[in-house]
Amino acid sequence: MSIPSQARYDFQPHVSPSRGPTDLRIVDDSPRRINSRSLDDRLSWYGSAFGSLGLTYVLYERILPFGGFVGFVVLYQVIKLALFAGVTAWSHPRPIVTDRLATAALGLGARVVFSSLAWTIGFVVWRGWNSMHHVSFYTHDMAGILPQSPVNQGGILHAVLGSGIELGIATLITLPLGILTAVYMTEVGGRLALVVRTVIEAMTALPDLLAGLFVYTILIIGLGLDRSGLAAALALAITMLPLIARSAEVALRVVPGGLREAGVALGSTQWRTVLQVVLPTAAPGLATALILAVARAVGETAPVLITSGASTFTNINPLHNPMNSLPLYIYAGLRSGEPNNIARSFGAAVLLLLVVVVFFVLIRLVASRSIKSR
Amino acid sequence: MTAEVASDALAENEDRPRRIAASLHPADRVFRMGTLGVGVFVLLLVGAIGVFLGLQLIPTVHLYGWHFFTQERWQPGTKTSGISAAVVGTIEVAVIALAVAFPLALSTALYITEIASPRARTWLIALVDLMAAVPSIVYGAWGAFELEPHARDLARWLSSYLGFLPIFKVDADPHAAVWEKSRFTSSVFIAGLTVAMMVTPLACAVMRGAFAQAPIGEREASLALGATRWGMVRTVVLPFGRGGIIGGTMLGLGRALGETVAVLLIIAPAFNIKFRILQTGAITVSSLIANFFGEATGGQLKALLAAGFVLFVMTLAVNTVAGIVVTRSRSGSATEI
Amino acid sequence: MTSSRHERAHGTTLRVARGLAAALVLALTVALGCMPNAEAAAHSQIVSDGSSWAANAVGTWVASVVPQGLQVVFTSTGSAQGRSDFAAKTVDFAVSDIGYQGKDPLTGAADSSSRPYAYLPIVSGGTSFPYHIVENGQLVRTLRLSGATLAKIFTDQITNWNDPSITADNNGVALPSLPIVPIVHSEGSGSTYQFSAYLARQYASAWQSFAGADVPTEYWPTGKGKQVAQSGSDGVMNYLTSSSGNGAIAYDEYSYALGANFPAAKVLNAAGYYTLPTQYNVAVALTQAQIDPNTLLQNLQNVYTYNDPRVYALSSYSYAVIPTSATDPKETTGKRQTIADFLDYSVCQGQAEIGSIGYSALPINLVQDSFKRIQLLSTADPGVDVSQDAVTACNNPTFVAGDPNGNHLAQIAPQPAACDKQGAGPCGIGGAPSPSPTATSSTPSPTASSTSKGATTGSGTTTGSGTTSGTGATASGGTKTATGATTGAGSATGTGTGSSPVTGSGATQVDPDTGQVVAVGPSSGSGAAPASAGTGTDTSSGTGTDSGTGTSTGGNVQLVEGAAAVGAGQGDDGTMAVLAGLLLLCALVAPPVLARRWGRGGRS
């Protein structure tokens, strides 16, 4: 039986008037705080943080043969944890030590994850800043511009337009198909619906590269279609369709059955119930599903790499001629090795990140509104 | 009232229950037919893709024989082309990514559910979802341009101090004053680190969802019995969320198997099966397809599709097992995976 | 649901509005989709891909023809993929270093086309050997290698830079002990073919023991020794120039080495001199190339062994593969017209642009042969107009008046320096004129977004930055070689002595080490112009390009126009941008707005 951490006790054998002989006399029995940090916690933590800094320096620079900044940081973390454990062990029993050590370790893991995220985003923004602050970057395309041209020439207009058009076409295809399939699975049901659901769940595992390869083989090689925006949009649609169908199905399933029954009880037909009760109720969930799928598809490079070409011209005709898109532009620019091209690619990557963040915020807004209005 | 009123009247001395036939409104019939049609169409569409990919195995085996799955090198034009090096490379990258991502995702998920304050929790959850939403090309750019030199140094460190382990050996002397950087770069290790960035938020989200559902009663009971917070986590949350942990990890594994662009940007193609993860040269199925689809003619394209099918089967198996594990676990019923 | 009728009306209105919005978006998309791209009439956009060896030249031409209304999309994928895409009818024309082989000699990969085609040479150049050796913190720039040593390096027989053969090639100057990392192409590449053909011919035993057969191939046998395979010339150069590439050597066209400002090894020729693939040396070498009169394909065996001291042995031509069938399902009149006009430009005026970036202009007789091939497009489709300029109007630096078989570049090619002879030198060590491209610059080149690569180009006329040719060897008939100068990257006349640009009056003297213009010569007086032209270093207005000289080629004028035209042509794109912005806005804003409306509509 573990002992409350905040209790103080003494081991004088004595006889308690009410309970007879005991070995322990509780002298302090305040409620145990689980999540708070006492002065002891804080001092131990900061003390070991500073102390381990010095210790690490001594070990690292003078004694151990390692070098470099990264190694220093790693060793520092390790020594900090060890020191923290040691300081805690000095005056606390073992469960407390493991608790603090585990908490510190979890915090370390979380810090690593979030700092890598910050590192990634910071790096991309830093590299992309050179090209991003030119207005021409957003209003020009790369027609007639050589890769080695300075970053104030040329831009990513063609890539942005291409992404928008391809996504628009893919959404137009998959949204009705996905929602109707979800309606089928939830409203109509039956054994076939189970099969459909299983197959759709299986297809969410399809790597997006294979969707592109499928379109390439069947449509471009087989049917002789151009490598065009339409082919890329179809590949994106194949990627998005299982996602939308499954998320929409979840959103529809969450609608309480009581609403449906109420609609039927009032004499409505099933299709009217679906159209006027179920769909509107599930609308925020459906919108979330759509935005999630679009946010995922906007960053897909592999399918568009195979089905469309990295052209430098603005092309708004999805049926003919290669249509560039943001991820493809970024990929082609990064591979080219030209520093200015790479700078432009990083600028485009920042724009892509911004688009994803905007989608993200939209999802949060929609979700929070749906929660509020419930 | 009287028996004669009922339309489907009972025959004399007979006592059958009245059949209640629900006849569909014609509009509903159309509705059900319509959605059934759409459902079947979508089923056929997505099913056709899987079937089409699978069918490519036949001409491929016909052309290259079963050695297609055991031959290391992808050699277009010869009869001895194969994908075994690519499959092994894919698994290596995925395993490295998981090995890095698993502890990170677990600790982040636990931190978010157990340690973070409620106000910070919303932000941290949003951050993790944002991390999952960042496109893979961005991570690939970061991996190739920023992480690569650091990871290369780390590889050298690992090779010099842990080089007695066979997986950390490199065919160059890491202790040399001028060490051969080219032997430590463009490896599965660096690709695995980059893919880990993509896998971590995915696994973390699933694990977090599982941990958040640990029953509050059990938590409070363990705390009331005097357990510390970590003790409570260890005895209540982790066992409860075991399904989520495994499921999230396997979902991340599925994502790592299929990752294309980040791997493309980082590795230098080399067609040999080796387990030295720090050494240069690697190939995965998706980067194989992306590199060689353009030159592939006829039979080679079918072979690439067959390789893609193998990848698809691996990912599908992993995802299915993940789904089963999650839904069957205690935390699974409402966890979305 | 309370007030259900009101809600129903509201809901109906919403549905109608939603339907209208969807229809509008759909109509807009379709309308925009069906609108033709803004381009001149009778031209359609054409798609091509192929050789990365020739990609820098083709890319320059693609940028130059944009002001003429020609839209060409070229992707550098490798010769093998170019030919296979052409055969699969996914591109309109291809660029390839070699012709269809039937099948690859080494790997047996199928390589043929049922789509009728013709070849025409479009560019010539040399396969160079860029290397990355850092000694004492500095990049070594004086390396020379003989063919035998190169063969041993790339067949894994020599593995360290301090090998005695390399020291012997460098006349006793030894390099530090550093493992060699040969970088090879992982894709089917024409560069691989040219190099392996040279090896198979000249060093057959070494090549045979390495590759297994004494035949050239487009697919380098990868995975041997410490060789690193990278995809594409860009990939190869990226790896070479990265910090991991210390000790690396690669094979690729000379423009890549120049563009990255990395040195290329001088190769020993049959006459005992070490040379670089400058436009002169390549021109001299290719006078010995045998061209098949029917296919125009090349036989280079005499080029390897030509004993003129100026020769660079690994010189070759690169070709365009054009569709010649009248019933080609992919080609329309507009596309054929664009192919014809683009290739007309490429083999005519375009030849003046590529000399300074690391290629060599075609001799006139080949230009005329190419013209004849281009006319096949008109034969296939009478709607195509292929009236071409006379060859004299091309401003081709190889043009010799009155002698259609002569090559002016070959005639004026300078002899190599004495220190380049076997047994002497090597040049650049111990006081010999260093072939460093970053010579004395009288004007600091603006850094802007430039990095260390090729940013400085010697002469004071540089504007802009980050351009390629550090060692812009100009002096080809006074062409300014504004390399890719749409950016006003300035007339890069990287010179050894920072002199001003030279006109083509034949009095040019060239630094024998680098083929760069050394002597001042009769300047056309445009020397200082670019630096002070317009906004000098500001290239955004496109006035920074050096076009002051009257002797500048048509290419230059085009480039200036190009800069202006690019500015003008953006007006259309402005409208497109607004429309697309509206579309994106609808896509972004509509879901949550509609969700909110539905939400409100569904609840009381």
Side-chain angles (χ1 to χ4, degrees), chain A residues 1-2 4 34 68 70 95-96 98-99 102-103 105-107 109-110 112-114 116-117 120 123-124 177 180-181 183-184 188 193 195-196 199-200 202-203 205-207 209-210 213-214 216-217 238 241-242 245 250 269-271 295 299 301-302 305-306 327 330-331 334 349 352-353 356 360, chain B residues 25 27-28 31-32 35-36 38-39 42-43 46-47 49-50 52-53 103-104 107-108 110-111 115 126-127 130-131 133-139 141-142 146 150 153-154 157 197 200 223 226-231 254 258 260-261 265 286 289-290 293 301 304-305 308 311-312 315-316 319 336:
Chain A
M1 178 142 137
S2 54
I34 310 293
V70 174
I96 312 297
T98 44
D99 177 43
T103 309
L106 291 182
V112 168
V113 168
F114 292 122
S116 336
L117 176 65
T120 309
F123 171 72
V124 170
L177 276 183
L180 283 176
T181 311
V183 165
Y184 169 66
V188 179
V195 175
V196 173
V199 171
I200 285 187
M203 292 312 285
L206 183 74
L209 175 75
L210 293 180
L213 197 61
F214 175 75
Y216 177 77
T217 311
I238 294 178
L241 183 57
V250 169
T269 53
Q270 187 182 21
W271 72 271
T301 317
L305 178 66
I306 300 189
I330 297 171
Y331 176 73
L334 289 178
L352 192 59
L353 267 179
V356 165
F360 209 60
Chain B
H25 194 277
D28 268 349
F31 168 71
R32 290 173 85 95
T35 50
L36 173 72
V38 171
V42 169
L43 170 70
V46 294
I49 297 174
F52 173 75
L53 286 178
L104 289 180
S107 53
T108 311
L110 281 175
Y111 183 84
I115 301 176
L127 265 185
L130 178 66
M131 196 172 169
V134 170
S136 51
I137 181 111
V138 172
Y139 286 125
W142 170 77
E146 174 70 6
H150 300 296
D153 293 340
L154 178 63
W157 186 92
M197 286 286 289
T200 306
L223 287 175
T228 58
R229 185 167 58 193
W230 170 247
T260 313
V261 183
L265 282 174
S286 37
I289 296 176
F293 80 92
L301 198 56
L304 282 177
L305 286 165
L311 180 66
F312 175 47
T315 319
L316 181 61
N319 275 18
E336 297 208 6

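Quantities reported herein were computed from a predicted structural model and do not represent experimental measurements. Sequence lines set the chain letters: A, B, ... in the order given, protein chains first and strands last, and positions in each chain run from 1.
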Non-hydrogen side-chain atoms of B:Tyr139 and A:Thr120 separated by less than 4.5 Å
yes
Counting only heavy atoms closer than 4.5 Å, note whether B:Phe52 contacts chain A via side chain, backbone, both or neither.
side chain
Which atom names give the shortest non-hydrogen contact between B:Ser107 and B:Leu104, and what distance separates them?
OG-O, 3.1 Å
With only heavy atoms counted, which part of A:Leu334 is less than 4.5 Å from chain B, the side chain, the backbone, both or neither?
both
Answer with side chain, backbone, both or neither: which region of A:Leu210 has an atom nearer than 4.5 Å to a non-hydrogen atom of chain B?
side chain
For B:Gly50 and A:Met203 the tightest heavy-atom approach is N-CE, 4.3 Å
With a 4.5 angstrom heavy-atom cut-off, is it the side chain or the backbone of B:Thr315 that approaches chain A, or both, or neither?
both
Pair count under 4.5 Å, heavy atoms only, with chain A: among B:Val134, B:Ile49, B:Leu110, highest is B:Ile49
Mind listing the closest non-hydrogen atom pair of A:Gly299 and A:Pro327 along with its distance?
O-CB, 4.1 Å
Identify the heavy atoms of A:Val356 and A:Ala295 that sit nearest to each other, and give their distance.
CG2-O, 4.3 Å
In terms of heavy-atom proximity below 4.5 Å to chain A, should B:Met131 be classed as side chain, backbone, both, or neither?
both
From the list A:Thr181, A:Thr269, A:Val124, A:Ile238, the residue making the most non-hydrogen contacts under 4.5 Å with chain B is A:Thr269
Given A:Ile200, A:Leu177, A:Val183, the one with more heavy-atom pairs under 4.5 angstrom with chain B than any other is A:Leu177
Please tell me if the side chains of B:Val261 and A:Leu305 come closer than 4.5 Å, counting only heavy atoms from C-beta onward.
no
Tell me whether B:Asp28 contacts the main-chain N or O of A:Trp271 through its side chain, where contact means a donor paired with an acceptor under 3.5 Å.
yes
With a 4.5 angstrom heavy-atom cut-off, which part of B:Leu301 approaches chain A: side chain, backbone, both or neither?
side chain
Measure distances from A:Val188 to the heavy atoms of chain B and classify the residue's part below 4.5 Å as side chain, backbone, both or neither.
both
Roughly how far, to the nearest 0.5 Å, is CG of B:Leu130 from CZ of A:Phe360?
5.5 Å
On a heavy-atom basis, which atom in B:Gly39 and which in A:Val196 lie closest, and how many Å separate them?
O-CG2, 4.0 Å
Closest contact, heavy atoms only, A:Thr98 versus B:Trp230
O-CD1, 4.1 Å
Highest number of heavy-atom pairs under 4.5 Å with chain B: which of A:Pro207, A:Ala349, A:Ala302?
A:Pro207
Against chain A, label B:Val42 side chain, backbone, both or neither, depending on which of its atoms sit under 4.5 Å from a heavy atom there.
side chain
Heavy atoms only, distances under 4.5 angstrom: which of B:Val138, B:Thr35, B:Thr200 has the most pairs with chain A? Name it, please.
B:Thr35
Separation of B:Ile289 CD1 from A:Tyr216 OH (nearest 0.5 Å):
12.5 Å
Identify which of A:Ile330, A:Val112, A:Ile306 forms the greatest number of heavy-atom pairs closer than 4.5 Å to chain B.
A:Ile306
Please step through side-chain contact (heavy atoms from CB on, under 4.5 Å) for the pair B:Arg229 and B:Ile115, ending with a clear verdict.
CA-CA 9 Å; B:Arg229 185 167 58 193; B:Ile115 301 176; 4.2 Å; yes
Heavy-atom pairs under 4.5 Å with chain A - which of B:Arg32, B:His25, B:Glu146 has more of them than the others?
B:Glu146
Region of A:Val113 in contact with chain B, defined by heavy-atom distances below 4.5 Å
both
Part of B:Leu154 lying under 4.5 Å from any heavy atom of chain A
neither
Whatever's closer than 4.5 Å to a heavy atom in chain B on A:Tyr331 counts as both
Between A:Leu353, A:Leu352, A:Leu213, A:Leu241, the one whose heavy-atom pairs under 4.5 Å with chain B are most numerous:
A:Leu213
When rounded to the nearest 0.5 angstrom, what distance separates CZ in B:Phe312 from CZ in A:Phe214?
11.5 Å
Report which part of B:Thr260 has an atom under 4.5 Å of a heavy atom belonging to chain A: side chain, backbone, both, or neither.
side chain
Name the option with the most non-hydrogen atom pairs under 4.5 Å to chain A; the candidates are B:Ala133, B:Gly254, B:Gly231.
B:Ala133
At a heavy-atom separation under 4.5 Å, does A:Leu206 approach chain B through its side chain, its backbone, both, or neither?
both
